[in-house]
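Just below is one structure, and these are the notes that go with it.
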Protein chains: 2
Amino acid sequence: MKNKEIQEQRMKGYFLQATKDLLKAEGLKNVNVRNIADRAGYSYATLYNYFKDINDLVFLCVYDFFEECEQHVHAHAKKQERGIKRLRASIRGYADFFVQYPGIFALFFTEDFGTFKDKSHVTEVISLSLDRVCEEEWNYCVSKGIVKADSVEQLKSQLRHATLGLLLLYINQRAGFSYTELINRLNLQTNAILSSSSIEAGPGNFTVNNSLISIKVK
Amino acid sequence: MKNKEIQEQRMKGYFLQATKDLLKAEGLKNVNVRNIADRAGYSYATLYNYFKDINDLVFLCVYDFFEECEQHVHAHAKKQERGIKRLRASIRGYADFFVQYPGIFALFFTEDFGTFKDKSHVTEVISLSLDRVCEEEWNYCVSKGIVKADSVEQLKSQLRHATLGLLLLYINQRAGFSYTELINRLNLQTNAILSSSSIEAGPGNFTVNNSLISIKVK
DNA sequence: TTATTTTCTGAACATTGTTCACGATCTTTA
DNA sequence: TAAAGATCGTGAACAATGTTCAGAAAATAA
């Protein structure tokens, strides 16, 4: 009875891996049962012995992709000194990850769940993904008194929605600007949110000349 | 030569109207050539005599939908007194419009353009739609000295992205909260952005008790 | 080795976008 | 007005994709 379980998990893993590879390499529109099965080395019909439908398979990838995103962010952010700087770097890393893999962005935020069951788990991972990858740094900022504990939830929420909105326009080609310009706008926007009254002024955090428009990042 | 033009525009109009009705009534996933043609009273093949493909037809609807959105917003906002209050009401109206028609949100922000040509026009309408429906009120606020002229672009941008991000999570069912809660969060977020240093304090605008979290709207 | 259960597979069906040849209709012209 | 020609509308047909199913292949049990 144990072997059967192991073998089933192994089979699921093959399809899952094939789906992830395909999604990263060719985007969500090229993810279909025949392509997945080809990569996995089985017939498309076999897939249905292990997954209810293609949504079941595709949305299972969210967990792995979130971990990848987390690692990408941490690898990018750990070069910065702790505090607001690292927080900013985390947000930048988060955006970079989805720009690099637009298919993962589509899966996380725009793809219809269809018949996918138990979406509450996966929606929480998705909707709080930016908060999660920044969590350690938020805690640090609060513990050091850089950010007021009262304000953290409000700041997280602002950053979450602002980052998402900007990414949505850029990744779905609604914004007419370049990648460089995206990063520019992301920085401006992040600074505007972080330079609220909830952030204690401190040397090396950032310099604001009291106008929202021209914020100079040190 | 003139009659032909008129007749062609009329035919396009039938398909366009059918597409809009369908999209509003049944959402983007039920918009397909056969359903559209049924509503228009023609065969699905006839559609291809007037439009290059279905994307050509569907993205043409953007212009009309934007006008509808604009009217919805104005009808909702004109009850408020001019200035920050009406600005807030406009943002609320904008969100309401897309909540009422999730298919229009999908078309505006998440649907792939495919082979759609000349997207620069339509992307501008889309990406600046919130700015446009608020334009009159921004001008008013600047002219009355309620908002610093320097800050307007930054504020527009913040509101645009924050509103979009929040709507994305709600409409695509990534957020686990109700409509009431959405409006709550939207108001909080809007107030946080509008109560920056760029907004002059004034009687009746709003009351802030200096913390980001608990803003009381008068 | 044979029988039974499990796993895998292509055929087949539904849906959707698109093309195309053909017939209907309208216009031109002798 | 009637024949010739142009234009328009149509279903058949093809491709791509999701899904189901009966049966082949493989693994297991007797």
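Letters A, B, ... are given to chains in the order of the sequence lines, protein chains preceding strands, and every chain is numbered from 1.
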B/Lys12 to B/Tyr50, cation-pi by 6.0 Å centre distance and 45° axis angle: no
Sugar-phosphate only, base, or nothing, as touched by A/Asn49 at under 4.0 Å among non-hydrogen atoms: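 It contacts base atoms.
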Touch class at under 4.0 angstrom, heavy-atom based, for B/Tyr44 against every strand present: base
Gap between atoms [atom1] and [atom2], on [X] and [N] respectively (whole Å):
X	N	atom1	atom2	result
B/Leu47	C/dC20	CG	C1'	16 Å
B/Asn55	C/dT18	CG	P	7 Å
A/Gln7	C/dT7	CD	C1'	10 Å
A/Asn3	C/dT5	CG	P	20 Å
B/Asn35	C/dT15	CG	C1'	11 Å
A/Arg10	C/dC8	CZ	P	12 Å
B/Asp38	C/dG17	CG	C1'	15 Å
A/Ile36	D/dT19	CD1	P	10 Å

Salt bridge or not between [X] and [Y]? Use side-chain N to carboxylate O under 4.0 Å.
X	Y	value
B/Glu5	B/Arg10	no
A/Lys78	A/Glu136	no
A/Arg132	A/Glu70	no
A/Arg34	A/Asp38	no

Net bend of the helix from C/dT1-D/dA30 to C/dA30-D/dT1, end axes of five pairs each, nearest 10 degrees: 30°
Which one, [options], comes nearest to the side chain of [X]?
X	options	result
A/Tyr50	D/dT19, D/dC21, C/dT7	C/dT7
A/Thr46	C/dT19, D/dT17, C/dT9	C/dT9
A/Ile54	C/dG10, D/dT19, D/dG9	D/dT19
A/Arg34	D/dG18, D/dT10, C/dG17	D/dG18
B/Met11	D/dG9, C/dC8, C/dT9	D/dG9

Most 5' of A/Tyr42 and B/Lys52 on DNA chain C, judged by nearest nucleotide: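 Between the two, 5'-proximity favours A/Tyr42.
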Residue whose closest nucleotide on DNA chain D lies nearer the 5' end, B/Glu8 versus B/Ala45: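 It is B/Glu8, whose closest nucleotide lies nearer the 5' terminus.
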Side chains of [X] and [Y]: closer than 4.5 Å at any heavy-atom pair?
X	Y	result
A/Leu168	B/Thr110	yes
A/Ser157	A/Arg160	yes
B/Lys24	B/Phe65	yes

Below 4.0 Å: OP1/OP2 of D/dG9 and any side-chain N or O of B/Ser43: no
